[in-house]
2 protein chains.
Amino acid sequence: MESINPPESIIEALSIDCVIFGFKDGRLDILLVKHAEGISAGKWALPGGWITYGESVDEAAKRLLKSLTGISDIYLEQLKAFGEPNRFPTKRVVTLAFYALVNEESYSLIPGFTASDAQWFNVHDVPQLIYDHNQILDFGYKHLKHKVRHEPIGFNLLPAKFTLLQLQELYEAILETKLDKSNFRRKLAKMKLLINCKEKQKDVSHRAAALYKFDKRIYVTLRKSGMVFEL
Amino acid sequence: MESINPPESIIEALSIDCVIFGFKDGRLDILLVKHAEGISAGKWALPGGWITYGESVDEAAKRLLKSLTGISDIYLEQLKAFGEPNRFPTKRVVTLAFYALVNEESYSLIPGFTASDAQWFNVHDVPQLIYDHNQILDFGYKHLKHKVRHEPIGFNLLPAKFTLLQLQELYEAILETKLDKSNFRRKLAKMKLLINCKEKQKDVSHRAAALYKFDKRIYVTLRKSGMVFEL
DNA sequence: TTTACTTATAGTCAAAATGACCATATATTA
DNA sequence: TAATATATGGTCATTTTGACTATAAGTAAA
């Protein structure tokens, strides 16, 4: 979120905006905040803010995310800079877009002090946002769709322990497609990326599925020996 | 290249640096410029400069590339922002790294007025660069290695018409690996991405190979019908 | 003018991976 | 006990891959 009068200590004209994806009940969501002040008060926007003088770009993104939504310690990556001359109304502002993947259920949203609200929206049902934020969001979603097929980042959207069906539904939601259950399992099994937790799902009204976890260290090891993640 | 005293009209503290890859004689190269003025005079750097107030980030990258090296109309894409607080000596500067792919033989390098020299270097034999430019270069090379396998961008490094062996050597240079000639051809043939120009290579001291060209429109069409580039 | 050398291009074949299925198991709820 | 929902495992024809082999078409050297 970009307030109108940035404090003294920041690099003017350079902001950060975060496209934060969450996943719940088979739906891919996006986190938005409602501005509490300034000319865009009352409008929805991507969470964001200004980079201060003494912090790195990535540190700034982490700090802003934490202060605006209460979310910390998540998968966060730079997306790209958006810098059309007139994208911001009162002056020239270039924004660095980040994108983040979080397990929606692990966090209760805490709107920061310049935001009156923070809320998850279905990625296919997003309101009009301020400035070029809809464009940034679209770019982020396209990026996710592509990247999720070539790198094992999807796991960041799930709880630490998940079932194979949850994983499949995640991919189906992101890629907007249907996958064959049996073939999906076979492929994942062959990759040897998942650890069987030797635990069963609980409180479900059907046969309980085995829980798996993704260990990044395994992936790093497999990568070094030539493994390529493709789905 | 970042001169020390930026002109009035720019967004201070936001620069652009370009990682420009070229390909020639089976070698992957990188374009560097030698600074002519300022405290980094005489040192090699990535071509770059300042974003001015009225232009978009991508326009700025194009303009800088043209003015520093004479290169225009090429594959150019944003890489990421580098923004460690102390990466630049005299003040806080965040730089937007771009990366570009050009056919080395199509351009004669024209050093811009703040550069005393512009020169191609083998990507594995790069001198020490100013600031964090070596780090930016490494990031760019890793990015290229990954992206070239999942999107047909490699063609930008070749002339418009090329042989299958040239294409294979390009991939071998980027990925630092050997590929089986026959299997490589079979794979490319199956993708239907290449148009046979019905022409033969000239001035070679062996059997001349057929020339092919890559037509981006074909790729766009195939993509829409579900084709995925994987190599 | 024959032979060596270089690269082009085509083909073989077993192994592995894929896509479209089918079958059975294990749990809950009516 | 039956209906149901999901889990899990398996079949099989087809496609793709990886590792090779074979032949063709040129140039250059003997």
Side-chain angles (χ1 to χ4, degrees), chain A residues 24-27 149-150 152 158-159 161-173 175-213 222 225-231, chain B residues 23-27 149-150 152 158-159 161-173 175-214 222 225-231:
Chain A
K24 194 179 171 186
D25 303 328
R27 272 188 5 258
R149 298 194 55 180
H150 303 296
L158 294 174
K161 297 176 181 182
F162 50 85
T163 69
L164 294 177
L165 185 60
Q166 282 179 294
L167 185 62
Q168 182 181 340
E169 285 172 342
L170 169 67
Y171 276 93
E172 290 180 337
L175 301 174
E176 298 181 279
T177 177
K178 277 282 167 193
L179 300 170
D180 181 275
K181 185 151 59 167
S182 196
N183 295 341
F184 181 83
R185 297 169 139 261
R186 180 177 55 193
K187 181 133 196 178
L188 263 296
K190 202 173 46 209
M191 285 192 209
K192 298 178 189 298
L193 273 178
L194 301 183
I195 304 172
N196 189 325
C197 301
K198 312 272 184 194
E199 282 178 64
K200 295 270 174 188
Q201 212 177 7
K202 276 173 187 150
D203 302 317
V204 286
S205 67
H206 53 78
R207 176 175 174 185
L211 292 172
Y212 291 84
K213 61 182 174 180
L222 287 174
S225 55
M227 181 262 201
V228 183
F229 183 88
E230 308 260 307
L231 199 120
Chain B
F23 182 72
K24 194 178 170 185
D25 303 328
R27 269 190 6 258
R149 299 194 54 179
H150 303 297
L158 294 174
K161 297 174 180 183
F162 51 85
T163 69
L164 293 177
L165 184 61
Q166 282 179 293
L167 185 62
Q168 182 181 340
E169 285 172 342
L170 169 66
Y171 275 93
E172 289 180 339
L175 300 174
E176 297 181 280
T177 175
K178 277 282 168 194
L179 299 170
D180 181 274
K181 183 150 60 166
S182 197
N183 296 342
F184 182 82
R185 297 169 138 261
R186 180 177 55 191
K187 182 134 196 176
L188 263 295
K190 202 173 47 207
M191 286 192 210
K192 298 179 190 298
L193 273 178
L194 301 182
I195 304 171
N196 189 324
C197 301
K198 313 274 183 190
E199 282 179 65
K200 294 269 173 189
Q201 210 177 11
K202 276 173 185 149
D203 304 316
V204 284
S205 68
H206 53 79
R207 176 176 174 184
L211 292 172
Y212 291 84
K213 62 180 174 183
F214 170 75
L222 288 174
S225 54
M227 180 263 200
V228 183
F229 184 88
E230 308 261 304
L231 199 121

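Per chain, numbering begins at 1; letters A, B, ... match sequence-line order.
A donor N or O paired with an acceptor N or O is not found under 3.5 Å between the base of dG18(D) and the side-chain atoms of Ser182(B). For a distance-only test at 3.5 Å, the side chain of Arg207(A) fails to qualify as a donor-acceptor partner of the base of dA27(C).
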Between the protein and nucleotides 14-17 of chain C, which nitrogen or oxygen pairs come in under 3.5 angstrom?
none

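Atom CD of Gln168(A) is separated from atom C1' of dT6(D) by 12 Å (rounded to the nearest Å). Separating the CG atom of Asp203(B) from the P atom of dA28(D) is a distance of 11 Å, rounded to the nearest angstrom. Summarising the geometry, the separation between NE2 on His206(A) and P on dT8(D) is reported as 10 Å, rounded to the nearest angstrom. Counting to the nearest Å, the P atom of dA8(C) and the CG atom of Asn196(B) are 14 Å from each other. We find that CZ of Phe184(A) is positioned 16 Å from C1' of dT6(D), with the value rounded to whole Å. What separates CG of Leu167(A) from C1' of dT6(D) is a distance of 16 Å, to the nearest Å. One can place CD of Gln201(A) at 9 Å from P of dT8(D), the figure rounded to the nearest angstrom. When rounded to the nearest whole Å, the span between NZ of Lys200(A) and P of dT26(C) equals 9 Å.
If you check every strand for non-hydrogen atoms under 4.0 Å, Thr163(B) touches nothing. Among the atoms of the strands shown, none is found under 4.0 Å from any heavy atom of Leu164(B).
Between the NZ atom in Lys213(B) and the CG atom in Leu193(B) there is a gap of 14.0 Å [rounded to 0.5 Å]. Atom-to-atom distance recorded for Lys187(B):NZ and Asp180(B):CG is 12.5 Å, nearest 0.5 angstrom. To the nearest 0.5 angstrom, Ile195(A) atom CD1 is 13.0 Å from Leu211(A) atom CG. Distance check: Leu165(A) CG to Glu172(A) CD gives 8.0 Å after rounding to the nearest 0.5 Å.
Counting all heavy atoms, side chain and backbone alike, Lys200(B) lies closest to Ala208(B) at CD-O, 3.8 Å. Nearest heavy atoms, Phe184(B) versus Leu164(B): CE2-O, 3.8 Å.
Checked against dT9(C), dT8(D), dT12(C), the side chain of Arg186(B) finds its nearest nucleotide in dT12(C). Closest approach to the Asn183(A) side chain among dA19(D), dG19(C), dT29(C) is made by dG19(C) (side chain taken as heavy atoms from C-beta onward).
Under 4.0 angstrom from either OP1 or OP2 of dA7(D) there lies at least one side-chain N or O belonging to Lys181(A).
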Go through it in stages, so that I can follow the logic: the residues are Met191(B) and Leu231(B), the test is side-chain contact (heavy atoms from CB on, under 4.5 Å), and I'd like the CA-CA distance, side-chain angles, deciding distance and then a yes or no. CA-CA 10 Å; Met191(B) 286 192 210; Leu231(B) 199 121; 4.2 Å; yes
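Comparing Asp180(A) and Val204(A) along DNA chain C, the residue whose closest nucleotide (by nearest heavy atom) sits nearer the 5' end is Asp180(A).
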